[in-house]
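What follows is a set of notes on a single structure, which appears directly below.
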Protein chains: 2
Amino acid sequence: MTDHDRAPIRAFESSLPMALLTAREAAMGHFRPLLAEHDLTEQQWRVLRALDAAPNAVDVKALIEATTLLAPSLTRILANFEERDLIDRTVDPADQRRSIIRLSKLGHALVAKVAPNSEAIYAMIETQFGAARLDALMTELRDLAAAIHQTDEATP
Amino acid sequence: MTDHDRAPIRAFESSLPMALLTAREAAMGHFRPLLAEHDLTEQQWRVLRALDAAPNAVDVKALIEATTLLAPSLTRILANFEERDLIDRTVDPADQRRSIIRLSKLGHALVAKVAPNSEAIYAMIETQFGAARLDALMTELRDLAAAIHQTDEATP
DNA sequence: TATTGTTATACTCTATAACTATA
DNA sequence: TATAGTTATAGAGTATAACAATA
């Protein structure tokens, strides 16, 4: 602390997007170093999780929807994953325009390696914040997103 | 809908960071086109709001903290703002290393022009989701960030 | 003609390190 | 020596448009 410290900037954390960003940054601050250890970006991890969670093999379009990435971003990420042998890719025999993506053995192994740490971090947060409270918060977040999307339809 | 549609990818929206991201994207989806009209990025808007909310003129360090941007990003944004005459910049006479930043008349005018639309969007969200509920959610988000930061101190 | 996915391009932010000028 | 801020550099995502292959 010196004479030149000024009053901190306040009031604009009251913005909803900023509150969401701050909360997200707090959570990801724990997680990003873990991802970096495995040479994964946040977006790459989103793709891996989506692939891991998918009941079946998926096409690029489904991945775009699940990850909210743009097509060109996803194209590059998938190219990177192919180089690293994290995914297998085949052409849909029923529609040759489509790529069918699935996690390779190596890809599954990577998810299996990272995921437990992710859950440990999550558990820490649950302990600190309260499991029931966190559940309720997640529900509210989903409802909020849904409510906003409804306003989309009202004003196209 | 065609024969080739597959089961949607589920389950991983249960990730906290993803829930925060999705909610944020929903909110920002309304706001980004408005910013684009004024040639502003999300990060630039964050800086403008921070400057507008600041009780006094601020230095670069305070802006970094308020916006969670990195120094090099902020340096470029401030250079851009100077070109556009949105800010005034003076050297702190008490410490010549410091830059003192404040919004120019033009900068204040820009904030004044964009902010009402921002509030209109916010009002729409409030209506759809419920004002009290939104308030409660914001409180929870702030508490969550605080709780996570407490775990930081526990595990340095 | 429409759709799937890729390529091309320009811009911005992230992240780190090196550097300057003050203190 | 330490701090405030800038410059340099590499890498990755955002965003649009144009494109090839397939339907």
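Here the structure is a predicted model, which is why all the values come from computation and not from measurement. The analysis underlying the following values was restricted to heavy atoms, covering all of them including side chains, and did not include hydrogens, waters or symmetry mates. Below, chains carry the letters A, B, ... as their sequence lines are ordered, and counting in each starts from 1.
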Salt bridge (charged side-chain N to carboxylate O under 4.0 Å, His left out) partners of residues 72-88 of chain A, not counting sequence neighbours, each pair once: A:E82-A:R89
Partners passing salt bridge (charged side-chain N to carboxylate O under 4.0 Å, His left out) against B:E42 (at least two apart in sequence or in another chain): B:R24, B:R32
Partner residues of A:E126 under the salt bridge (charged side-chain N to carboxylate O under 4.0 Å, His left out) criterion, sequence neighbours left out: none
What is the distance, rounded to the nearest whole Å, between atom [atom1] of [X] and atom [atom2] of [N]?
X: B:L35; N: D:dT14; atom1: CG; atom2: P; result: 16 Å
X: B:L40; N: C:dC11; atom1: CG; atom2: P; result: 17 Å
X: B:I87; N: D:dG5; atom1: CD1; atom2: P; result: 12 Å
X: A:L78; N: C:dT7; atom1: CG; atom2: P; result: 11 Å
X: A:L74; N: C:dT7; atom1: CG; atom2: P; result: 13 Å
X: B:L63; N: D:dG5; atom1: CG; atom2: C1'; result: 12 Å
X: B:R98; N: D:dA2; atom1: CZ; atom2: P; result: 17 Å
X: A:I64; N: D:dG13; atom1: CD1; atom2: C1'; result: 14 Å

Shortest non-hydrogen contact from A:A57 toward A:I100: CB-CG2, 3.3 Å
Taking all heavy atoms of B:V60 and all of B:L74, pick out the closest pair and write down the distance. O-CD2, 3.6 Å
Using a 4.0 Å heavy-atom cut-off to protein, can you give one letter per nucleotide of nucleotides 13-23 of chain C, 5' to 3': B if the base is in contact, S if only the sugar-phosphate is, - if neither? BBBB----BBS
Side chains of [X] and [Y] in contact at under 4.5 Å (non-hydrogen atoms):
X: B:L110; Y: B:W45; result: no
X: A:L51; Y: A:R102; result: no
X: B:S15; Y: A:R49; result: yes

Can you name the side chain to side chain contact (heavy atoms under 4.5 Å, CB included) partners of A:E37, sequence neighbours left out? none
Inter-axis angle, terminal five-pair segments of the helix from C:dT1-D:dA23 to C:dA23-D:dT1 [nearest 10°]: 10°
